[in-house]
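Indexing begins at 1, ligand by ligand and atom by atom, following the structure's order. The chain is numbered in sequence order, starting from 1.
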Amino acid sequence: MSDCGDSNDNNSYDIAVIGAGSAGFSAAITAAEEGAQVALIGHGTIGGTCVNFGCVPSKTLIRVAETLHVASASERFKGIETSAKVVDWAEVIKQKQELVDDLRKAKYTDILPAYNSVAYLEGEAEFSPEGKLLVSGEVVDAKKIIIATGTRPALPTIDGIDEVPYLTSTTALELETLPASLLIIGAGYIGAETAQIFARAGVKVTIISRRGLLPQAEPEIGRALADYFDDEGISIIDGITYDRIEADDGAINLHIFNKTGPEVISAEKVMIATGRAPNIERLNLDGAGIEISDNAGIKVDLQMRTTRDNIYAAGDVTGSDQFVYMAAYGAKIAAKNAMNSNSLSYDNTIMPAVVFTDPQIASVGYTELQARAAGFNVKISVLTLDNVPRALAARDTRGLIKLVADAETKKLLGAHILAPEGADSIQTAAMAIKAGMTYEEFGSMIFPYLTTVEGLKLAAQTFDMDVSKLSCCAG
Ligand SMILES: Cc1cc2nc3c(=O)[nH]c(=O)nc-3n(C[C@H](O)[C@H](O)[C@H](O)COP(=O)(O)OP(=O)(O)OC[C@H]3O[C@@H](n4cnc5c(N)ncnc54)[C@H](O)[C@@H]3O)c2cc1C
């Protein structure tokens with residue numbers, strides 16, 4: 001174990017935080033602000049997934065891909081001609097890495113010295129058979145512990161997977177040479193975002209999944225996005241079962257069974273995007289009496305307490321709400337509760353979520369299916385983007401907005417946007433749901449004309465009228 005910062009000579013702390021990613025930093029800083037002596041235990045690259053291998057590298061490469069695409073999509077405007085192409089992918093990756101390195105320094109490494117009461121202990125943490133906290137084999141004494149060890153890519157159960165040189169979201173975003181073809185196994189948000197990055201850079205991309213593109217999204221949205229992917233040349237093969245995978249002469253061959261029988265799909269590279277597995281195996285949680293929940297993460301209650309007294313968990317390792325802002329939020333609650341008698345509760349009822357494909361998918365609240373399952377008498381409104389002036393002016397009408405409401409009270413229950421600039425509009429819907437607004441109240445608010453967010457107003461009005469018959473801005 002090596003340390004920096006004000007480590008205690010006797011290795012004794014109020015709070016030890018295991019994992020120096022987004023949740024770990026949030027917990028450590030919150031605890032320090034509450035007056036605790038904190039040990040922040042980091043193993044692997046400081047900063048964790050979001051800055052190093054997740055949000056930051058993927059979103060900057062999405063911008064690269066978008067620039068390539070927008071230039072080549074100029075034919076939707078008459079009288080201009082533009083084009084863009086990749087000339088040096090290694091340079092693209094180098095620039096991405098510089099951003100990652102700068103942000104890791106600014107948002108993680110350089111933050112630590114500002115907190116005198118946080119000691120950074122570098123090493124791998126685990127629990128001894130007696131339940132003591134060990135870092136690189138040495139005992140660290142802490143009154144309370146917060147586990148924030150995150151996740152890693154999960155491997156699907158496909159025969160032969162261990163023998164092929166597969167990519168993950170981490171290694172795919174480090175490739176310095178673009179492959180001719182890429183097979184992505186898994187159609188969740190990581191698979192979908194990565195597929196579009198590579199396809200727009202000129203790679204022939206195929207997505208394979210059992211249940212279709214983004215199966216958690218509203219079905220209208222998943223289907224529409226699959227059509228747009230098809231238009232961009234991304235193939236989606238779903239409703240299949242896996243047989244085996246093998247590497248053969250520079251190609252990867254995936255053997256599947258589709259509706260008509262066996263089929264082999266070949267590509268130069270394969271990427272696994274079948275979810276994330278919590279980093280818990282090496283912690284020896286049994287020794288500490290910490291239980292695992294049905295979603296394979298560490299079981300926590302609403303106060304972020306594990307099943308062992310004085311030990312909390314937060315972030316992706318809990319197996320739910322795997323977004324960086326939820327990791328930071330849960331960790332803050334864990335730290336405050338550890339310091340102040342568990343008075344705060346985790347509340348994810350209004351949790352916006354975004355998939356950074358193009359068009360973007362942004363959602364908050366109930367889907368139609370979830371609202372029905374929760375017992376509501378559901379009323380929905382679906383507005384295609386060819387009704388939204390912003391989209392017409394951009395000559396890009398891909399997308400739709402779906403609102404879910406309670407038919408009896410007319411209160412909004414959920415909002416789901418598929419739109420090129422949809423992500424930034426979702427918080428407006430989140431606030432309307434939080435405020436308990438009806439769709440009538442929402443639809444009668446003043447929204448600025450020629451904005452994407454105006455689509456939300458039009459979708460709210462669509463519950464009771466045909467907005468295509470409205471005059472401009474007559475809303
Ligand atoms: C490709 C991709 C794109 C993403 N994009 C987005 C996005 O756009 N927006 C968004 O909100 N979220 C996004 N996410 C999710 C986001 O990255 C995670 O929700 C977030 O990073 C979770 O933070 P965490 O602190 O729980 O875990 P992590 O950031 O993974 O941190 C855990 C840390 O603990 C360390 N550790 C593990 N075991 C031990 C041990 N025994 N001892 C000490 N340390 C240990 C790990 O090495 C790691 O550094 C993305 C994820 C991926 C993979």
So for Leu283 against ligand 1, with non-hydrogen atoms under 4.0 Å, the contacting part is side chain
Looking at Phe323, Tyr189, Tyr325, the heavy atom closest to atom 14 (N) of ligand 1 belongs to Tyr189
Any nitrogen or oxygen of Val324, side chain or backbone, less than 3.5 Å from one on ligand 1? yes
Contact region, Lys59 to ligand 1, non-hydrogen atoms below 4.0 Å, reads side chain
Checking heavy atoms under 4.0 Å, the part of Asp316 that sits near ligand 1 is both
Any carboxylate oxygen within less than 4.0 angstrom of a Lys/Arg side-chain nitrogen, looking at Asp358 and Arg200? yes
State whether the shortest distance between N or O atoms of Ile18 and N or O atoms of ligand 1 falls below 3.5 angstrom.
no
Residue pairs meeting disulfide bond (SG atoms under 2.5 Å apart), one or both in residues 34-72, sequence neighbours left out, come to Cys50-Cys55
Ligand 1 to Cys50, heavy atom cutoff 4.0 Å, flagged ligand atoms 17 (O), 21 (O)
List, one per line, each side-chain donor-acceptor pair under 3.5 Å for residues 280-290, sequence neighbours excluded.
| unit_1 | atom_1 | unit_2 | atom_2 | d |
| --- | --- | --- | --- | --- |
| Glu281 | OE1 | Arg152 | NH1 | 3.3 |
| Glu281 | OE1 | Arg152 | NH2 | 3.4 |
| Glu281 | OE2 | Arg152 | NH2 | 3.0 |
| Arg282 | NE | Glu124 | OE2 | 2.6 |
| Arg282 | NH2 | Glu124 | OE1 | 2.9 |
| Arg282 | NH2 | Glu124 | OE2 | 3.3 |
| Asn284 | OD1 | Gly287 | N | 3.4 |
| Asn284 | ND2 | Phe127 | O | 2.8 |

Quiz item: Quick one: does Pro57 get within less than 4.0 Å of ligand 1, heavy atoms only?
Solution: no
Original post:
For Gly54 and ligand 1, does the shortest N/O to N/O distance drop below 3.5 Å?
Top reply: no
Looking only at distances, can you tell me whether any N or O atom of Thr49, backbone or side chain, sits closer than 3.5 Å to an N or O atom of ligand 1?
yes
So, regarding Ser169 and ligand 1 (criterion: nitrogen or oxygen to nitrogen or oxygen, under 3.5 Å), is there a contact or not?
no
Less than 3.5 Å between some nitrogen or oxygen of Glu193 and one of ligand 1, yes or no? no
Please work out whether the ring planes of Tyr108 and Phe25 are parallel, tilted or perpendicular, with thresholds of 30° and 60°.
perpendicular
